[in-house]
Protein chains: 2
Amino acid sequence: MKVSTRGEYGLRAMVSLARMYGRGPMPLSVIAQDSAVPVAYLEQLMLPLRRAGLVVSTRGAHGGYQLARPPEQVKVGEIYRVMEGPIAPMDCVREDADEETCPMIDGCATRIVWLKLRDSIVEVLDSTTLADLIAQAPRPRAEQPA
Amino acid sequence: MKVSTRGEYGLRAMVSLARMYGRGPMPLSVIAQDSAVPVAYLEQLMLPLRRAGLVVSTRGAHGGYQLARPPEQVKVGEIYRVMEGPIAPMDCVREDADEETCPMIDGCATRIVWLKLRDSIVEVLDSTTLADLIAQAPRPRAEQPA
DNA sequence: CGAATCCCGACCGCTGCGGTAAGGTAAGAG
DNA sequence: CTCTTACCTTACCGCAGCGGTCGGGATTCG
């Protein structure tokens, strides 16, 4: 029950983009440095985020990435699903699949708790936006004013 | 963010034992059949459960395993922690470790959501007992009466 | 043109999951 | 007392997926 670095790094990168929102496209190298993710790896992570329409990319010189929507309109759950797949602590309680993915005996007494768990996770992730995170962050990067 | 089969099978086995509670020790073979877990693998899973004091074993002929406590007093969270380790969707929000396991830059804006997530998971798992599961189970095994 | 930058697929070591195998040890049956 | 049952323990092993790296191609700005 760990979130992989895909989810961790993906969210960090999106938080970076949220802080820079409105300043035009930011190159990978800048995002990588700000979010402390290896640039070569981050490049891979941006691909699914772009395909999912969460970020838009600009190619060529002075290109880069930026959020497709303002930070208030991007739920953490969206990013999570793109990076980690459908939210499900167990296959038999997948979000997408139908109810009866559980061909189990024993009346699936255990399924009850996995369902509650999934709903609980969904609630947390979908009720938080990028704007919430940058607003509540303890220190917004401790940058010296010029 | 998947629960491994250790957690899944471990909980299933404990539910089986909860149903048989009060009938004395049940041999591995019976538990394995009832919970649909390979007996050789289940044997490995019982070891940590015994060491954690959740089950007691009786050796020799007519031996087996039984719950150490009545099902109402066994929280799913206890079983989970034994099988899967401390509850933490991310290392920086481990239950055991101190607050400052997060030597991260960017003020850890993301940590907020992982903390909320962890607390939410803990709440679900610790507020459910084995007795709850067998009480709410859709069908208690569909056994024909003799 | 050429430099910056995104785009994309191939590759690769490592860890941990999921499970098997085999032998050792304790305790009750007869 | 010995045989059988059943738990106890360690060792092993294939495999998938994580966590990256590398190299080359396409696109746009100056």
Side-chain angles (χ1 to χ4, degrees), chain A residues 1-13 17 20 23-33 35-68 80 82-86 88-91, chain B residues 1-13 17 20 24-68 80 82-86 88-91:
Chain A
M1 276 288 287
K2 290 274 174 62
V3 175
S4 75
T5 59
R6 289 176 56 85
E8 181 183 357
Y9 292 172
L11 182 56
R12 284 227 294 267
L17 287 178
M20 302 164 178
R23 295 191 221 166
M26 291 291 165
L28 259 185
S29 55
V30 172
I31 307 171
Q33 176 136 19
S35 56
V37 176
V39 62
Y41 189 34
L42 180 60
E43 194 169 12
Q44 280 200 10
L45 306 184
M46 294 311 286
L47 183 66
L49 289 171
R50 182 176 55 82
R51 293 206 171 125
L54 292 178
V55 300
V56 282
S57 62
T58 310
R59 303 180 69 156
H62 301 290
Y65 294 91
Q66 51 191 317
L67 288 190
Y80 183 95
V82 169
M83 303 311 295
E84 302 268 334
M90 185 120 325
D91 283 327
Chain B
M1 275 286 288
K2 289 275 174 61
V3 176
S4 75
T5 59
R6 289 176 57 86
E8 181 184 357
Y9 291 173
L11 182 56
R12 284 230 293 267
L17 286 178
M20 302 163 177
M26 292 291 164
L28 258 186
S29 55
V30 172
I31 306 169
Q33 176 135 22
D34 188 68
S35 56
V37 177
V39 61
Y41 189 33
L42 181 60
E43 195 169 9
Q44 280 200 10
L45 306 185
M46 296 309 288
L47 182 66
L49 289 171
R50 181 175 57 82
R51 291 207 171 124
L54 292 178
V55 300
V56 282
S57 63
T58 312
R59 305 179 68 154
H62 301 286
Y65 293 92
Q66 52 191 318
L67 288 188
Y80 183 95
V82 168
M83 303 311 295
E84 301 268 335
M90 185 119 326
D91 282 327

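Order of the sequence lines fixes the chain letters, A, B, ..., with proteins taken first and strands second; residue numbering starts at 1 for each chain.
Under the rule for a side chain to side chain donor-acceptor pair (under 3.5 Å), the partners of A:E8 that lie at least two apart in sequence or sit in another chain are A:R12. In this view, A:M20 and A:M26, A:V30, A:D34 satisfy the side-chain contact (heavy atoms from CB on, under 4.5 Å) rule, not counting sequence neighbours. Shown here are the side-chain contact (heavy atoms from CB on, under 4.5 Å) partners of A:S4, two or more places apart in sequence or in another chain: A:R6, A:E84.
Here the range on DNA chain C touched by chain B, meaning any atom under 4.0 Å from one of its heavy atoms, is C:dG18 to C:dA29.
Rounded to the nearest 0.5 Å, atoms CE (B:M83) and CG (B:L54) are 10.0 Å apart. Note that the CG atom of B:L47 and the CG atom of B:L42 stand 11.5 Å from one another [nearest 0.5 Å]. The CD1 atom of B:I31 sits 11.0 Å away from atom CD of B:E43, with the distance rounded to the nearest 0.5 Å. Interatomic distance, A:L11 CG to A:T5 OG1, rounded to the nearest 0.5 Å: 12.5 Å.
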Where protein sits on nucleotides 16-28 of chain D, one letter per nucleotide: B base, S sugar-phosphate only, - none, heavy atoms under 4.0 Å: ---BBB---BBBB
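At least one side-chain heavy atom of A:L28 sits under 4.5 Å from a side-chain heavy atom of A:Y65.
Proximity of residues 48-57 of chain A to DNA chain C (heavy atom under 4.0 angstrom from any strand atom) is restricted to A:R50, A:R51, A:S57.
Here B:T58 lies in heavy-atom contact (under 4.0 Å) with sugar-phosphate atoms only.
What you find for B:A52 and B:V82 is that their closest heavy atoms are CB-CG2, 3.5 Å.
Ranked by how close their nearest DNA chain C nucleotide is to the 5' end, A:P27 and B:H62 are led by A:P27.
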CA sep, side-chain torsions, deciding dist, call: B:V55, B:M46, side-chain contact (heavy atoms from CB on, under 4.5 Å): CA-CA 8 Å; B:V55 300; B:M46 296 309 288; 4.1 Å; yes
